[in-house]
A.B. asks: 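Handing you this structure, nothing more for now.
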Protein chains: 2
Amino acid sequence: MTDYATLLKESGLKATFQRMNILERIEVYGHMSIDTIYEEVIKTHPSLSLATVYKNIILMVEKGVLVEVPITGKKPKYELLKEDHIHLVCTECGDVEDKPQHTVADELFASMTQKENFTLSKQQVNLYGVCNYCKVEEAS
Amino acid sequence: MTDYATLLKESGLKATFQRMNILERIEVYGHMSIDTIYEEVIKTHPSLSLATVYKNIILMVEKGVLVEVPITGKKPKYELLKEDHIHLVCTECGDVEDKPQHTVADELFASMTQKENFTLSKQQVNLYGVCNYCKVEEAS
DNA sequence: CTGACTGCAAACGTTTTGCACGGTA
DNA sequence: TACCGTGCAAAACGTTTGCAGTCAG
């Protein structure tokens with residue numbers, strides 16, 4: 001459980017209830033779209049405005065509190081900035097799974113950064129495929 | 001230089017001038033957004049409608065002629081379906097670079113597919129970072 | 001010739017904006 | 001108290017849709 005108030009203040013943002021609720025919901029769910037964040041937070045904070053969600057997501061991405069995860073054919077999702085990990089993004093359901101940094105992945109990063117002259121940001125290594133749940137669904 | 005007419009017909013689509021122009025521009029540029037496709041094609045085909053571009057991109061992605069490449073914080077780009085490769089996506093300028101399939105990457109795919117029960121589609125391995133051009137820009 | 005495709009214009013949903021009010025520090 | 005942040009409603013924007021006319025096969 002993160003101290004959202006401190007996190008926000010360290011990023012130069014005021015610790016409002018709206019922002020802390022947004023961060024708390026994202027931490028619980030892992031990865032959320034704007035819509036889902038809004039729908040979740042109004043359950044406990046019904047006066048929340050969708051415009052406020054938009055403004056805050058943009059702001060918190062700029063400040064590096066949140067990270068945007070793009071999804072093929074769908075709206076992007078947002079997660080808290082956390083330690084390096086790989087995203088497995090399901091092309092069927094859009095679900096995002098975090099996987100710990102992998103030694104093979106490290107080699108790939110080193111190779112790309114050195115040989116290809118392209119500095120990889122490890123927070124954004126997104127591999128697209130079909131998750132286990134959707135594989136089972138497809139078979140039926 | 002691909003035979004776009006045959007490619008389209010094999011996918012069950014009529015080979016219209018609009019579609020062939022769209023495919024030709026995408027092949028030349030490598031990766032394009034809807035806007036850029038429209039702006040490019042009207043240069044040689046001024047009566048083209050933006051709605052037609054939307055309809056055709058959606059259709060050709062469905063038919064597997066085109067592949068959508070999601071870009072953090074930007075609109076998606078589209079490329080022709082081609083042999084397996086890795087996408088290096090620049091988080092600064094949004095530019096996409098293709099890199100040939102890498103032996104290290106193959107190991108990563110095998111690992112994810114076997115251990116993690118997640119079937120990777122090799123056409124969609126997108127690594128985000130900062131390209132060489134933007135690195136030079138940032139330094140100034 | 002016929003169904004698929006196009007272009008237009010309107011409709012739609014999402015995101016952004018401006019502003020008066022309210023809350024944090 | 002001062003300013004940042006919120007909520008509202010309107011505006012702007014990107015995308016989709018319906019339809020009448022056109023074209024590829």
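Worth saying up front: this structure is predicted, and the values here are computed from it rather than measured. Lettering follows sequence order; numbering is per chain, from 1.
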A.B. asks: It should be established whether B:Q18 places a side-chain nitrogen or oxygen under 4.0 Å from OP1 or OP2 of nucleotide D:dC23.
C.D. replies: no
A.B. asks: What are the two closest heavy atoms between A:E24 and A:Y4, and how far apart are they?
C.D. replies: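 Closest approach of A:E24 to A:Y4: CA-OH, 3.4 Å.
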A.B. asks: Within this structure, what is the CE-NZ distance for the pair A:M20 and A:K14, rounded to the nearest 0.5 Å?
C.D. replies: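 It is 13.0 Å, given to the nearest 0.5 Å.
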A.B. asks: Where along nucleotides 18-25 of chain C does protein come under 4.0 Å, by heavy atom, of base (B) or sugar-phosphate alone (S), with - for untouched nucleotides?
C.D. replies: B----BBS
A.B. asks: With B:I37, which of B:L48, B:V53, B:L23 fulfils side-chain contact (heavy atoms from CB on, under 4.5 Å)?
C.D. replies: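 Per the side-chain contact (heavy atoms from CB on, under 4.5 Å) rule, the option paired with B:I37 is B:V53, out of B:L48, B:V53, B:L23.
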A.B. asks: In terms of hydrophobic clusters joined by side-chain contacts under 4.5 Å, are A:V65 and A:M32 together?
C.D. replies: yes
A.B. asks: Expressed in angstrom and rounded to an integer, what is the separation of B:L50 atom CG from C:dC12 atom P?
C.D. replies: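 Distance check: B:L50 CG to C:dC12 P gives 19 Å.
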A.B. asks: Rounded off to whole Å, could you give me the OH-to-P distance for the B:Y4 and D:dA24 pair?
C.D. replies: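 Interatomic distance, OH of B:Y4 to P of D:dA24: 19 Å.
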A.B. asks: Considering only NZ, NE, NH1 and NH2 on the basic side and carboxylate oxygens on the acidic side, decide whether B:E97 and B:K99 come within less than 4.0 Å.
C.D. replies: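 Yes.
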A.B. asks: Distance check: side-chain N/O of A:S49 vs OP1/OP2 of D:dT6, anything under 4.0 Å?
C.D. replies: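 For D:dT6, OP1/OP2 do not have a side-chain N/O of A:S49 under 4.0 Å.
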A.B. asks: How do B:D35 and A:L48 order along DNA chain D: which one's closest nucleotide is nearer the 5' end?
C.D. replies: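 Closest to the 5' end, via its nearest nucleotide, is A:L48.
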A.B. asks: For A:I42 and D:dT6, give me the distance from atom CD1 to atom C1', rounded to whole Å.
C.D. replies: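 Distance check: A:I42 CD1 to D:dT6 C1' gives 16 Å.
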A.B. asks: Answer with yes or no whether the hydrophobic clustering places A:V41 together with A:I34; edges join I, L, V, M, F, W, Y residues whose side-chain heavy atoms lie under 4.5 Å apart.
C.D. replies: yes
A.B. asks: At 4.0 Å (heavy atoms only), tell me whether B:I57 reaches a base, stays on the sugar-phosphate, or touches nothing.
C.D. replies: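 Nothing, no heavy atom under 4.0 Å.
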A.B. asks: Can you tell me how far C1' of D:dG5 sits from NZ of A:K63, to the nearest Å?
C.D. replies: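 After rounding, the gap between these two atoms is 13 Å.
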A.B. asks: Less than 4.0 angstrom between a side-chain N/O of B:R19 and OP1 or OP2 of D:dA24, yes or no?
C.D. replies: no
